Amino acid sequence: MCERRTCVSVMCVHVRTLPLLLVVVAGVDWTHAAQDECKDYQVQFERVFSVPGDAAMINCTLASPDVFNLSAASYEVDWYRAETGRRLRNASRRVLIRGETLWLLNVTMQHDGHYQCVLRTSAARCYKQSTRLVVERPVRGECGRPRKATQLLTVGVTDTLSCPIKEVLNKLRSYAVPASVTWYRGCDVIENGFDGHAYRDRARLKIQDVDTRNNHSYTCTLNFNLGGVAASMSETIQAWVQEDYCFLPQVLQPADDIVKAARGSRLKQTCRVFVPCIGTVPDDPVVDLFWLDDINFISTNNSERIFASEPRVWRASDSPKGMWLESVLTISSLEDTDFLVNYTCRVYSARGWPQAHFALLPQEKDGKQFDAYVTSYYPLSCQLDISHEALTFALHVLPQVLEKACGYRLFIAGRDSLPGQATVDSVHDNMMASRRLLLLYGASSFACTHRHHNDKQTNNNNNNNTNNNNVGEYACLEPRRQHECAVAMHQALMEGTLKVVLVELEEVSAAQLALFPESLRHLRRKQGAVCWWKNHKRHNQNRQQNQKSWTTCTKKSSPSRTSTQDQAELCSSPCLSPSSRFWKEIRYHMPVRGKRAAPHERISLLKV
């Protein structure tokens with residue numbers, strides 16, 4: 001009975017333990033089966049190299065939109081030793097897993113092998129990939145790692161070595177883990193600032209006055225503390241000093257300036273480039289030179305109207321050493337479409353793409369000195385705000401936009417008149433030296449002059465003078481303004497030698513217009529006026545109270561404000577923007593000379 005019971009007991013034991021064994025085996029098979037069902041991306045092309053005692057960082061690259069839709073599913077990452085299938089877990093002072101990154105904190109020769117990343121998503125998808133870790137023993141008698149990166153230094157200049165651990169630094173920075181770098185030359189520590197060596201940023205070493213002594217191995221060691229473990233990671237660089245070297249090309253011509261030429265004339269402009277070199281100057285500097293307009297490269301076909309010559313190359317005959325390149329841009333006959341264009345000479349080299357350009361403007365052949373003569377219509381003795389505001393508009397607003405922002409040259413009566421100069425001579429000479437006349441007036445400019453003119457006609461009803469467009473119409477103006485008005489209208493209406501641009505500061509009613517001189521009414525009907533008050537309405541259409549725009553832009557400074565504050569406010573006002581409709585209309589009537597500001601804008605964009 002005892003044996004039976006024993007047998008029964010043994011049998012009971014076997015019966016009870018058999019299901020447990022099956023469960024354990026099934027669990028192991030399930031793990032392998034899950035990995036077998038994963039989409040396998042095989043072994044990464046890039047390997048990770050380390051040496052005993054260093055830390056190693058291995059990243060899982062499967063968490064990528066190239067693998068699956070990151071926004072559609074969450075995921076988890078597990079790491080395995082590929083040779084054994086054993087799953088890796090965080091182990092104090094040895095293994096640390098953070099997100100998709102596996103850290104081996106103290107590498108030994110036994111860590112050499114493949115490490116498999118398995119990524120499983122919430123959408124029941126699985127992916128796997130292996131990374132090869134190569135652990136190499138240091139070379140006996142040498143400091144640094146056996147596998148070295150190669151970097152070039154240039155003799156005679158200040159150059160820089162870069163430690164190839166940027167990815168590791170970025171990862172530690174994402175953990176908010178501080179790190180420091182120590183540099184070695186061979187086996188010797190390099191002190192920051194000693195013998196022309198300086199630590200730059202976190203992983204670069206600046207070397208002043210490089211010479212052949214810098215043909216040496218340099219090691220950078222990254223020190224950090226991760227998971228409570230002090231760790232380090234090193235990279236070794238073999239520095240080679242180049243004694244034959246060419247620098248960034250220098251474009252000496254053109255000089256980012258403005259060139260003026262006449263329509264129909266032939267234009268030639270030279271692009272001259274110098275490539276500085278040290279050591280032996282090569283026969284071929286491996287530099288390409290091209291001309292471009294605002295849009296396209298310019299052909300080297302000399303049968304075309306616009307073409308660039310093939311670059312001519314020669315060596316510098318004396319110091320400094322280097323190569324010269326030269327190409328000539330030719331426009332056989334200038335047409336209207338060739339003007340207001342930036343022509344750029346660009347150099348392509350391994351060191352960079354320097355360039356320079358010139359802006360082409362039509363040549364002024366009229367002998368004029370000013371783009372516009374500016375004068376204002378306002379009564380001399382009437383107490384009207386228009387007198388002050390018209391002067392302020394002429395002396396401050398117009399120069400702010402047309403001169404400073406748009407590049408025009410203005411003659412402004414009251415600002416540019418020479419003291420002691422005869423009024424008649426000054427007005428006539430300066431108007432004749434101007435391409436346009438800007439005539440400023442307000443709605444009430446001629447109310448006083450009209451009354452004065454009617455009184456004069458009543459007292460002189462027997463006078464046979466029938467000239468209604470002469471000085472009598474402007475009798476209430478100061479003498480200079482009287483003469484300006486008479487000369488301007490004579491040149492505009494009788495001779496046709498001066499183009500007048502009417503600038504209407506206030507909205508003019510029909511009753512007010514009836515008081516205007518006949519000559520001005522005729523000119524206004526013939527060509528219209530540029531209305532400053534419309535600019536105000538556009539910018540202030542949401543305001544409850546309609547104010548004069550030119551008052552808003554030119555109001556006097558309060559005692560508590562400085563001129564600098566007023567100037568800043570003046571520049572920031574929307575009504576002073578050259579791109580507003582009012583200023584575009586003014587510029588439309590101005591001569592082409594003023595468009596010289598446009599190439600400057602292009603020049604500034606090209607330099608960015």
Side-chain angles (χ1 to χ4, degrees), residues 248-275 284-313 323-365 371 401-402 404-408 577-581 583-608:
L248 178 71
Q250 303 168 0
V251 184
L252 304 180
Q253 287 183 263
D256 293 344
D257 55 1
I258 294 174
V259 174
K260 295 180 181 180
R263 290 174 176 84
S265 64
R266 184 180 182 88
L267 176 76
K268 283 194 172 185
Q269 286 290 312
T270 300
C271 176
R272 186 169 286 114
V273 176
F274 181 66
V275 184
D284 183 1
V286 195
V287 172
D288 291 319
L289 185 156
F290 297 95
W291 278 99
L292 306 86
D293 57 23
D294 278 340
I295 302 174
N296 301 312
F297 287 93
I298 294 175
S299 171
T300 56
N301 184 353
N302 59 11
S303 64
E304 298 187 15
R305 187 177 65 86
I306 303 177
F307 68 92
S309 65
E310 293 286 353
R312 184 170 69 93
V313 182
M323 301 289 292
W324 286 96
L325 294 90
E326 185 178 276
S327 174
V328 178
L329 172 68
T330 301
I331 305 179
S332 58
S333 179
L334 287 170
E335 299 178 357
D336 287 343
T337 55
D338 301 326
F339 294 103
L340 303 180
V341 172
N342 276 345
Y343 294 92
T344 301
C345 177
R346 182 179 298 166
V347 183
Y348 291 89
S349 76
R351 307 299 171 194
W353 297 359
Q355 64 183 24
H357 51 273
F358 70 91
L360 182 60
L361 294 181
Q363 190 178 61
E364 297 151 7
K365 298 184 289 178
D371 292 309
V401 179
L402 293 186
K404 293 183 179 179
C406 301
Y408 292 99
S577 170
S579 61
S580 68
R581 185 177 300 179
W583 295 110
K584 284 183 177 179
E585 290 184 47
I586 290 287
R587 291 161 66 188
Y588 173 79
H589 292 288
M590 293 292 283
V592 71
R593 173 187 174 92
K595 293 184 179 179
R596 63 174 178 251
H600 285 300
E601 294 171 4
R602 292 194 187 101
I603 287 170
S604 65
L605 290 174
L606 288 169
K607 287 183 177 179
V608 170

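A quick note: this is a predicted structure, and the numbers were derived from the prediction, not measured.
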According to ring-ring contact (aromatic ring centres under 6.0 Å, His included), who are the partners of F297, at least two apart in sequence or on a separate chain?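 Testing F297 for ring-ring contact (aromatic ring centres under 6.0 Å, His included), a comparison that skips the adjacent residues, returns F290.
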Beyond-backbone contact of [X] with [Y], side-chain heavy atoms, under 4.5 angstrom:
X    : Y    : answer
P354 : L248 : yes
W353 : V347 : no
I306 : I298 : yes

My understanding is that only residues two or more places apart in sequence, or in another chain, count here; which of them pass side chain to side chain contact (heavy atoms under 4.5 Å, CB included) with [X]?
X    : answer
P254 : C271, W291, C345, A356, F358
N301 : S299, S303, E304
S265 : A261, A262, L334
N302 : F307

About how many Å separate [atom2] of [Y] and [atom1] of [X], when rounded to the nearest 0.5 Å?
X    : Y    : atom1 : atom2 : answer
L340 : L361 : CG    : CG    : 6.0 Å
N342 : I258 : CG    : CD1   : 9.5 Å
C406 : K584 : SG    : NZ    : 11.5 Å
H357 : D256 : NE2   : CG    : 4.0 Å

Taking side chain to side chain donor-acceptor pair (under 3.5 Å) as the definition, give me every residue that meets it alongside T337, ordered by chain and number, with sequence neighbours left out.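 Expected list: none.
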With sequence neighbours excluded, what pairs up with R266 under the side chain to side chain donor-acceptor pair (under 3.5 Å) test?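 Checked R266 against side chain to side chain donor-acceptor pair (under 3.5 Å); zero matches.
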Closest non-hydrogen atom pair, S333 against D338: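 The answer is O-OD2, 3.9 Å.
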Check: Y348 main-chain N/O paired with D288 side-chain donor or acceptor under 3.5 Å: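 The answer is no, because no donor-acceptor pair under 3.5 Å joins these two groups.
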Side-chain polar contacts of residues 323-332 - donor-acceptor pairs under 3.5 angstrom, sequence neighbours left out - could you list them?
from : atom 1 : to   : atom 2 : distance (Å)
E326 : OE1    : R272 : NE     : 2.9
E326 : OE1    : R272 : NH2    : 2.5
S327 : OG     : S309 : O      : 2.7
S332 : OG     : R305 : O      : 3.3

Can you see whether Y408 has R587 sitting over its ring - NZ or CZ less than 6.0 Å from the centre and within 45° of the normal?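 The answer is no, since R587 fails at least one limit relative to Y408.
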